[in-house]
Structures are given as structure tokens and as C-alpha cells.
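First listed ligand is number 1; within each ligand, the first listed atom is number 1. In this text, all values refer to a predicted model and were calculated from it rather than measured experimentally.
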Amino acid sequence: MTNAQASDSELQTSSLGYSLIPVVNKLQDICSQSGISLPIDLPHVAVIGSQSSGKSSVLEALVGRDFLPRGPNICTRRPLTLQLIQTKRGDDGTEEEYGEFLHLPGKRFYDFSEIRREIEAETEREAGANKGVSDRPIHLKIYSPNVLDVTLVDLPGITRVPVGDQPSDIEARVRTMILSHIRPRSCLILAVTPANSDLANSDALQIAGNVDPDGSRTIGVITKLDIMDRGTDARNLLLGNVIPLHHGYVGVVNRSQEDNMLNRSIKEALAAEEKFFRSHPVYIHLADHCGVPQLAKKLNQILGQHIRENLPELKSCISLQLVSVTKEYASYGVTKESRGGQGALLLNILSRYSEAFSSLVEGRNEEMSTSELSGGARIHYIFQSIFVKSLEEVDPCEDLTDVDIWTAIQNARGPRSALFIPVVPFEVLVRRQIARLFDPCFQCARFIYNELIKIGRHCLIRELRRFPVLRKRIDEVTGNFLRGNLQPSESIVGHIVEMEMDYINTSHPDFIGGDKSLEIAKQQTRSSRVSLRILRERGVVESDMLQASERGSLSRAIIVRPSANGLIRSLANGAVTDQGSRGNTDAERYRAIGSTTASNRGIPSIISGSDNQHSSTIILLKEPPTTLRSLETRSEQEAAVIAATKLLLTSYFDIVRKKIEDLVPKAIIHFLVNHTKRELHNVLIEKLYRENLFDEMLQEPEEVKIKRKCARERLQVLQRAFQTLDELPPEVEAVGKGYSFGTDPIGLPWKRGLPSSYATSI
Ligand SMILES: Nc1nc2c(ncn2[C@@H]2O[C@H](COP(=O)(O)OP(=O)(O)OP(=O)(O)O)[C@@H](O)[C@H]2O)c(=O)[nH]1
């Protein structure tokens, strides 16, 4: 190693933050690659002390550059905020270093002595040329690849006696100015005291004590050890025996005024300082407390600790990113190139699809929605709240009028009159009502089919996004299979209804039976007629009601005259009418009949013969009409028969309804739902697991491939970042003396290391 190299390295190691630069660089790389902004805001370092105590000299030595005005007659009269900004080295390794003032934006100072001149000039612009002091800071940024991002503040020195343009309260003003800079907890205080003054009366320590009474952020710096009285030394001061300080003291030897005049470089000054301490009989034993490099080390430890304290936050940021990128990466699934791998992947997907289908149907789905019903719950809803509920609302006599019932009874009776309820019309009517159940049953099966289609589409929805061809084929196969299963379900559902229609089991224990129904019906008819009569007597029944209730008796007395087509119809006893006289509704029909009879009341034309000479010899019967309909008017007995029939219908329909409500869902579950659930896996494998289809099935869109690649790269970066944080060099080890700006790292998660799930090789 040459001398020049050696002194270069000495200079570097004595620089503030030098040892931390690689660590911070690493962290910055981690952050920029992970897309996180570095959550570390290093504390700023303020240098305070009495005038000419050597503050600027200490600062320069720490930065390793000559750029500050120094000298017995040149003092700091405005705060100087020096922001060090780390820049990247050029690709060819070049190191560009320059300064820029806030008051001269865009102007770069590559010559550091020019920076010094600008500081002096700017000080004069604001504070005048005659010792005046101003609290308006000068902002200087130094850009260099060799610095740590940290801010240093050089403050005017404390002075008691006003000189030049200084106001009489100069001491108070400077103290206020210093306090405003060092009060924030994030400020690290370098309290500079010259060794040739009384430490017990140190201005720096006294002011620092105001804002940092426990000394947790103050470092004592003793300057001018080289010009102490002969025979005295600062041993006790440096060891903290005079005024103890949490972070202790460091003694330094800066360039003297003579050195300045001789233009001694910092390098030379450092070498001289080292020689001084090494050759001093007292200080040689206090190596930890002596020299600018030692001061830089102490500061670096404190800054390192600060970085360390911020690591948990950085680590948890990276951790969060790791979780989300791991998830994203997993969502793109794995790719398989070999036939075997493809086959296994396809099999796996088909199995999980079938499993997901069953889970959704059975309500075992892990991603169960809490906002709406899904899967099996919807099937249950369709059965119970739609199908069963609708069936319960069916009125078995809804579209059966009394006329319909009576017509059926008459037809079944044939030419005879019957005293009891005939079985045939009941069966005809009940069958007709049961047949109404076909539609809701088929609809129910179709609803469930639609639900199963939806469930199928919902299975592996995310995973299959990357295999659009496979998704389409799976949907096709599932759809076809479901359609195939719908057929037997509909068929069995149809059979269930048909079975009910084919055999009307009037011996069913729950069936009301003919006798009982007639008895109840008679009671009902009688009581309704009685109440009708009472109402009529009270004048409550309106004319329409009266008309309706009296139709029976009226009709019995009516003999219908020929209608337009000349036919004569007897309405008595069985009440028939022809098509021509039939109105649209029962009421209209009745009115039409009434008006016809009004002009023909009396002797029917078929027997009157008054306008026909030969009528006494020939009795002409009119042809019966093509359509014969029953009238609404009936005797009490007949009304009871109708009511009884209705009771029978309702009773029997209820029995059938209960059975259908029970059996149809069972049939649909068995033939459609469960059969699909059981066989879907086999069907999918049979149709889709073909080696010649592997490539086609597992074809991914280009977009997915790109996204997977990006996610993998980000994941690798984050894993590396996580690991790097665990392997930070000892520069960021905690300083034993407990300097702290806040967070206590003990027990925080950064120590736990890389979660095993992220450590999986990609
Ligand atoms: N011999 C010797 N001289 C020193 C030492 N430190 C500083 N000096 C000299 O003391 C004088 C003042 O030094 P500065 O660094 O300007 O002190 P300062 O505290 O910044 O001064 P103000 O800004 O005016 O308050 C300069 O001439 C320095 O060369 C030292 O350790 N030994």
C-alpha cells in the first residue's frame, strides 16, 4: 500500500458516516427495487460551542473537505445547514462532487474553496461585514458518492462581549438561535469545548444540557488538546470524570491557525493528529477517546443504531410486499413443460375443479360469501322458498267453477240421476288439478340445472383464468353432463306427477272420503243458504247477489222461446241452453236467457201451435244443440254435491301436493345434483385428460406469462432484500451506551428472519 493510498483510506475512515455508506446504499437498492421509499430519516448533527472553539474545524474534518471559513477573525455568523446528498458513481467509476446553494439554485460549485468564498459573501450580504450575526441559515447541499445522506449544522459561536455591529444582547440572541436548532429530539449535538478553557463552565455543555438533560444525544468534543498548558492534560475530561456524558467525550486536534496559513490539508492534519496522540504519554492510553476518526466512529455508531431502529419498519414493509407478491405469483400457478408434468397438472386441476364443485354444492366452500346466498344454499332456497312455497299457494279449485264441476258430474252420471258423488268426475277433476303441477316441477328442475351451471362457472375461477381453453372445455363438458342429467331428472319428475295422475288412491288414510265430504258440504250449503236468506231479509244482499242466488228458482220456471236460429230449449230440470244464446260470462249468459223468456213467457212454442194449422198433428222436436252446457242454478242437494266434490278435490290435492313437494326435490337432488357431483370428476377425466390435448388445454395467454415472470423477479428481489436486512454489517450494531431516538428494537419482528414460506425456491 502506498502512502497516498494509506492516507486516502485514513481520510475516508475519519469521515462522517463513511462506514455506513455501503449499508445505506444496500438499503436504498433494496428499497428502489422493491418499490418502497427508504423509511430512514437520519438525525441531523449540530455543532455548538463558544466562539472559536473549533466547531467549523471539527465539521470540516468530519466531512473531509475544506470548504468552511475558518480563522481567528473569521467566525460563523449565520447558521450553515449543510445537507450531504449521496450520488451514484458514474458508470466509468467517476466521482462527481459539487456543492449547490439554495440561494443560487442551479449553480454547481465544483471548487470547494469557491464554496467557502460564497459562504463568506452570503454571510456578509445578510449580516453585514462588521461582525453582525443573523439567524437566517445558509443552505448548502454537497453532492458526492462518498457521503451519507445526513444534515450537519454549523452554528455561530457563543460570545459574551458584543463587537462591531453586534447588538448588546448578542449572547442571548445566539443562545436562542442555537437552542432553536438543537431542541428537536432528532438532533444529535456535538458540544465543542476547547481544552484550554474551563470545562465546568463550558457554554456548549451548558446549552446542550438545556435541551438534552440526560445527555442521550450529546457527544462531548474537546478541541485544542495540542495547546493546553504544558504539564496539564485532559485525561479526566475525556474519561467523563468532570462532567459525565452518556456518550462520553472525544478529544481532537484540529489544524491550528498556523496550519491554515500554511494551507495544510485535512489529510496532513489527520496524520499530525494521529502522531500527536500516539506520542502523548497520557492519550496513547485513551485511544477510544482520541482523534477525529474516533469521533466519526462514535457518530457512525449512533447513526447506525438509528438506521437499525428503523429496520423493523423497513422489514415489515418488505414483508408485506413479500406476502402480496407471493400470493400474486402463486395465482399465476406453475408451468410444466414435460408431458408427465402437464398430465399431473391437468389431473390436479380437474380434481380440484370437481372438488370445488362438490364443496360449493355442499356449502364447504372456503371463500364463503357473507353478502349473498351461494351454491347449495341457493339450491335449498329454490326448493323451499320458491318451489314448495309456490305449490302451497296453489288453490286446487282455482280454475274450477261450480258449472265445471256440475258439468263433469252430470256427464259422469250419464242418463241416470245419482244420489251420491260419482267417482269418475272427481277423478277427472283431480287429475286435471294434479296435471297443473307438471310445470312448476319441470321449472324447479331447470332452476337447479341453471344453478349448477353457475356453480360450475364459479369453480377455480381465478386459477383457470390463465387457461382459457381449458376453462372453455371444462364449462362445455360440465354443461353437457348437466344437460344429460337434466333429462332423467325431468323424466322422473314427470313420472312422479304422472303416477299421481294414473292412480287416484281414494283409500289413502288422509283422504276425507265421500260420505264425510257430503255431510260437511250439506252443512255448509245449508248454513250458507240460511245466512243468505237472513241477509236478504235484512236487505243487506245487493240486487246482483239476489239475482245470482235466485237464478235456480227462476230458471226452473223459464221456458225458452226460439232463439235466432229458431231452436227451442227447455231450461227446466237440467237447464240446457244453446250456443247462440250464450253470453261471454255466466252473468251475461243468464241475462240473455232472461230477456228471451220475457217475451215468450207462458206456453212453449213446441206445444202452443197457435200459428200453425197443422200443429195438432205434427209435433216437431228441435234438434239438440251441438254443445250442451250446464246452468249455474242448482238444488240444495246439487249444490251440496258440488261443494262435497270441492272438498274431496282439496283433500286429495293436499295429499298429492305434500308428496310432490317431498319427492320432486329428492328426485332432482338424486338424478341431477348428486349424480353430477359423483360423476363429474370421471366425466372430466374421460373427456379432457388426453395426452394429445395437453398442450392445447394448458395454453396460457401471453399476458399471464409476462405477469408471472414479473412477479417471480419481484419475489426474488424481495427475498434477497429480506436476507440482506438480516445480514447487515456490524456498523449498524447497537451502540452499547443506549443512544436512542425512539423505537426500541427489542421484540420487534425484524429479528425473526425470513418467513419460511417466502424462502421457497422459485
Ligand atoms: N491548535 C489548534 N487550533 C485549533 C484547533 N481547533 C481549532 N483551532 C483553530 O481555532 C480557530 C477557530 O477555529 P474554528 O474552527 O473557526 O472555530 P469555530 O468554533 O468554528 O469559530 P466560530 O465559528 O468563529 O465560532 C482557527 O484558527 C483554528 O485553526 C485545535 O484543535 N488546535
If we check side chain to side chain contact (heavy atoms under 4.5 Å, CB included) with N196, which of these qualifies: I222, L225, I227, D226?
I227

Looking only at heavy atoms, is any part of N260 under 4.0 Å from ligand 1, and if so is it the side chain, the backbone, or both, or is it neither?
side chain

Report, in ascending order of atom number, the atoms of ligand 1 lying under 4.0 Å from any heavy atom of T76.
22 (P), 23 (O), 24 (O)

Distance filter under 4.0 Å to S52 heavy atoms, resulting ligand 1 atoms
12 (C), 17 (O), 18 (P), 19 (O), 21 (O), 22 (P), 24 (O), 25 (O)

With heavy atoms and a 4.0 Å threshold, my read on which part of D226 contacts ligand 1 is side chain

Ignoring hydrogens, just give me the one of E258, Q51, K55 whose non-hydrogen atom is nearest atom 19 (O) of ligand 1.
K55

Below 4.0 angstrom from a heavy atom of S256, which ligand 1 atoms are there? Numbered from 1 as shown, please.
1 (N), 2 (C), 3 (N), 29 (O)

Check: R78 side chain, R136 main-chain N or O, donor-acceptor pair, under 3.5 Å:
yes

Taking atom types as modelled, find out whether E118 and H103 have a side-chain donor-acceptor pair closer than 3.5 angstrom.
yes

Nearest non-hydrogen atom to atom 6 (N) of ligand 1 belongs to which of V292, V252, N254?
N254

Quick one: does NZ or CZ of K315 land under 6.0 Å from the six-membered ring centre of F722, within 45 degrees of the ring axis?
yes

Nearest non-hydrogen contact to atom 15 (O) of ligand 1 from the set P156, C75, A269, S57 belongs to S57

N or O pair under 3.5 Å between Q257 and ligand 1:
yes

Kindly say whether the aromatic ring centers of F67 and F109 come within a distance under 6.0 Å.
no

For the 3.5 Å polar cut-off, considering only N or O atoms, please tell me whether S56 and ligand 1 meet it.
yes

Report the part of I227 (side chain from C-beta onward, or backbone N, CA, C, O) that has a heavy atom under 4.0 Å from ligand 1; answer both or neither where that applies.
side chain

By ring-ring contact (aromatic ring centres under 6.0 Å, His included), Y98 pairs with (sequence neighbours left out) Y110, Y143

Between E328 and S331, is any side-chain donor less than 3.5 angstrom from a side-chain acceptor?
no

Heavy-atom contacts with V253 under 4.0 Å: which atoms of ligand 1 show up? List them by number with element.
31 (O)

With no hydrogens and no angle check, just 3.5 Å: does a side-chain donor-acceptor pair link D259 and S256?
yes

S56 side chain to T76 side chain, donor-acceptor N/O pair below 3.5 angstrom:
yes

Applying the side chain to side chain contact (heavy atoms under 4.5 Å, CB included) test to I189, which of L205, I219, T218 qualifies?
T218

Using a 4.0 Å cut-off to any heavy atom of G157, which atoms of ligand 1 qualify?
25 (O)

G49 heavy atom under 4.0 Å from ligand 1:
no

Polar proximity ligand 1 side, G54 side, N/O cut 3.5 Å exclusive
yes

